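Remarks on the structure that follows.
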Amino acid sequence: MKESMDGLIAEWSKRIRAAAAGGHTLHIRGGGSKDFYGRAVTGERLDTGALRGIVSHEPSELVVTVRAGTALAELEAELAAAGQMLAFEPPHFGSGATVGGMVAAGLSGPRRASAGGLRDFVLGVRMLDGRGEVLRFGGEVMKNVAGYDVPRLLAGSLGTLGVLLEVSLKVLPRPFAETTLRFELGESAAIEQLNRWGGQALPLSASAWADGVLSLRLSGAQAAVRAACASLGGEEVGAQEAAAFWLGVREQTLPWFGLDVGGAALWRLSVPSAAPALKLPGEQFIEWGGAQRWLRSAAPVERMRARAAELGGHAVLFRGGDRQSEVFQPLAAPPLAIHRRLKAAFDPAGVFNRGRLYQEF
Amino acid sequence: MLETQSRADDQPVVGEREADFSAIDKVAVIEALARVLPVGALMYEVEDLRPYECDGLSVYRQVPLAVALPASEEQVVAVLRTCRELGVPVVARGAGTGLSGGALPHARGVLLSLARFNRILHVDALARTAVVQPGVRNLAISEAVAAHGLYYAPDPSSQIACTIGGNVAENAGGVHCLKYGLTVHNLLRVRGVSIDGEIVEFGSHALDSPGYDLLALITGSEGMLAVATEVTVKLTPRPQLAQCVLAAFDDVIKAGDAVAAIIAAGIIPAGLEMMDQPATAAVEEFVHAGYPLDAKAILLCESDGTAEEVAEEIARVREVLAASGATEIRVSASEAERLKFWAGRKAAFPAAGRLSPDYYCMDGTIPRKRLGEMLEAIQAMEGRYGLRCINVFHAGDGNLHPLILFDANQPGELERAETFGAEILELSVALGGTITGEHGVGVEKINQMCAQFASAELRQFFRIKAAFDPPGLLNPGKAIPTLNRCAEYGRMRISGGELAHPELPRF
């Protein structure tokens, strides 16, 4: 097994060097479940699906090391069998989702605001850089300050810095108990309430608001969840219905995400949790205690970005819309210069996923 | 432009070779800085420079060329622009409590103290954030927000003195990381100044930012990428209650297995610490915490949350500990007793200082399952080097702080302690761990970086540095060893007698 994997990595390394020398580009792809995300990308496909398998999982270490092409579903099944989970609840967005794609996309699900995001759980990576060299950064331990934190840099870099080969992730035990409550609240009242609850020692693990209804998930020790339910009030949702609902939020399979509002694009506005109502035209779905606001809207790009920036955040053209122009909020000049130089540091010939993140690189 | 860089790629990376700063003209540097800094914000007389010659790792001392004490971001910009123009190294410094020499001055460089950046700028209780200047002390943040029922979770041992800017530079940890994370997990935004004197925002008050995660990259970058002028931290609701379980074991391996069993039972304790018998004996004599002295190892396991949550978790922990063969289990019955349980653990460093004229503290992290192997190996090393070692661990996350006791006045002991320490760090890497869990590389462990990383990876670190700091002037020579240096591979020590801030608890 290991030998065939080494052979595969050697072959990819050769392809990378050839691409760099020949001035062409490579499109790194896992299962293609997030092809919709980021800018449209061209280049010769480098499929990572063959590099699969769980390298090690020691439940009592709270760490799992996985090859990048491993199906995310396979990893989650392995963890579930040990009573564990990826606490950031990464969305799959399709049956083919791979662990490498998950890290490259950097997306997190409903538990983000309380447990942390994908970047908070990436401990180590093995990767191929744009010179075709195999590099290893971080490791399999939770506390590690030797060298710059490259593993977290790669989270959400959309494959523009290198080919992920192996990743080590921190995993957590599944909560002993979970309950979902529902409240009828308007947008502003829900945002304020979520922030107030966030400042109390409550076992919050997810929130979702749309159409005047706020759903709140509590996870943790049985006694803590029970006590929180008693103090919060609201209407308790049946366990099965609740599980289906949160899966629908995570995978965007709820009817809200299927709404067709005259072909309007799906925007993601990442803002400070206590930011006031968006006051933008369109349909809205709020998550992460107020910090993530989905908007189905046909409003112009400039308006989205200006409002997001005004609130202290940024706007992403998540699904649909024009994917030839920029889909992520443009960077200010100083960070842009750093981005350019970082890209060149990892991928000097500009081989990987050219244009996926920003047009320029 | 990418193609141009590709052609330039075979060139050595800035910083990859030891830079030569010998041509720097002290008088010219001082004159230039005096033009941009007010009176009292620039020091260059040797007696004024002395207090800055070392940080918490005081065996390394170096007087800088000058000390700048800016009080505003504009002044930081002016200092950096001046240094950039004249090609002068800049070492940023907070409270100087670091244990790896990260703030050791550069002989031909400017020491940039952020001590005057000591204001808490804004607390947003609803959004649970605080915007603070980098020179604000870690504990001062928690004190300032206590009235809102909030606190700043990372608690490095020096938290009464260390500053948030230094915490960002080192990605500081503490005893509660397993549950609450490191500095990197508790930051939202860092505003900094690049070596070019440009203001750069890393992160934001939202949970993510467009582009690469530069916030993660600068956290723990040991002052080598930018100089922070403002930090936004996340605040955490203060738990209603904390309770601590003390368990004794007649065998260290059993204690290590108990740690694994707690985690395997689905429990993430707020703190999970272990001490071996010599460490227990040493601190008991010092603080009289009431530790069982016949135990080969003791565990401290803390639970926090609501009263109901804590009761449920403590019951579960007791059960696991009993099943793991604990010979004695005590649960703190009051806050006073909880603090007493912790007092001994927190006194480990001063206790080592009482046992021995000098000690050398390691900071390796290993996978928890290798704890037994590491302990046995250390025991064998004690015999081989003829030196005692007492062991305290952040057992929950595998972070070890073995304290090697020696007397530098006895011929040969220092050298033996250094070799002993290097062997522990090398073994940490060999067991699948790392040379530093939370103290940073600085100058102290720069040689051991050669054991942990291959040349290609070290070169990549230099490229990352150059992406932020093209002229290579921010804290040059720290954290990342040159390939030349790796060939040499030296060794270092901490001297207990010379530890700066001896009043601070170290753990």
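Predicted model only: the values in this text are computed from it and were never measured. Proteins get letters first, then strands, A, B, ... in listed order; numbering begins at 1 in each.
For the pair Arg136(A) and Phe453(B), the NZ or CZ position fails the cation-pi test of under 6.0 Å to the six-membered ring centre and within 45 degrees of the ring normal.
For Phe462(B), no part lies under 4.5 angstrom from a heavy atom of chain A. Contact annotation for Phe176(A): only side-chain heavy atoms (C-beta onward) come within less than 4.5 Å of a heavy atom of chain B. For chain B, the nearby part of Pro59(A) is the backbone; its heavy atoms alone come within less than 4.5 Å. Looking at Leu135(A), the atoms closer than 4.5 Å to chain B (heavy atoms on both sides) sit in the backbone and in the side chain alike. Only the side chain of Leu172(A) has a heavy atom closer than 4.5 Å to any heavy atom of chain B. Looking at Glu133(A), only its side chain comes within 4.5 Å of chain B, counting heavy atoms on both sides. With a threshold of 4.5 angstrom between heavy atoms, Ile338(A) approaches chain B through its backbone and through its side chain. The contact between Glu58(A) and chain B is made entirely by side chain atoms (from C-beta outward), counting heavy-atom distances below 4.5 Å. Within the 4.5 angstrom heavy-atom criterion, atoms from both the backbone and the side chain of Ala146(A) approach chain B. For chain A, no part of Ala454(B) is nearby; none of its heavy atoms comes within less than 4.5 Å.
Of the residues considered (Ser204(B), Ala479(B), Gly211(B)), Gly211(B) shows the highest number of contacts with chain A, using heavy-atom pairs under 4.5 Å. When each of Val441(B), Ile263(B), Thr365(B), Leu207(B) is scored by its heavy-atom pairs under 4.5 Å with chain A, the top score falls to Leu207(B).
Inter-residue side-chain proximity for Gln460(B) and Arg131(A) is flagged as met; some heavy-atom pair is nearer than 4.5 Å. Looking at Arg128(B) and Asn195(A), their side chains come closer than 4.5 Å, going by heavy atoms from C-beta outward. Side-chain contact between Tyr148(A) and Ile218(B) is absent, with no heavy atoms from C-beta onward closer than 4.5 Å. Counting only heavy atoms from C-beta outward, the side chains of Leu182(B) and Lys143(A) approach each other to under 4.5 Å.
Within the structure, side chain to side chain donor-acceptor pair (under 3.5 Å) pairs that include any residue of residues 222-232 of chain A do not occur (at least two apart or interchain).
A salt bridge between Asp129(A) and Arg459(B) is absent, with no side-chain N of the basic residue lying under 4.0 Å from a carboxylate O of the acidic one.
For the salt bridge (charged side-chain N to carboxylate O under 4.0 Å, His left out) criterion with Asp208(B), the lone passing option out of Arg268(A), Arg119(A), Arg152(A) is Arg268(A).
The backbone N or O of Pro272(A) sits nowhere less than 3.5 Å from a side-chain atom of His205(B) that would complete a donor-acceptor pair.
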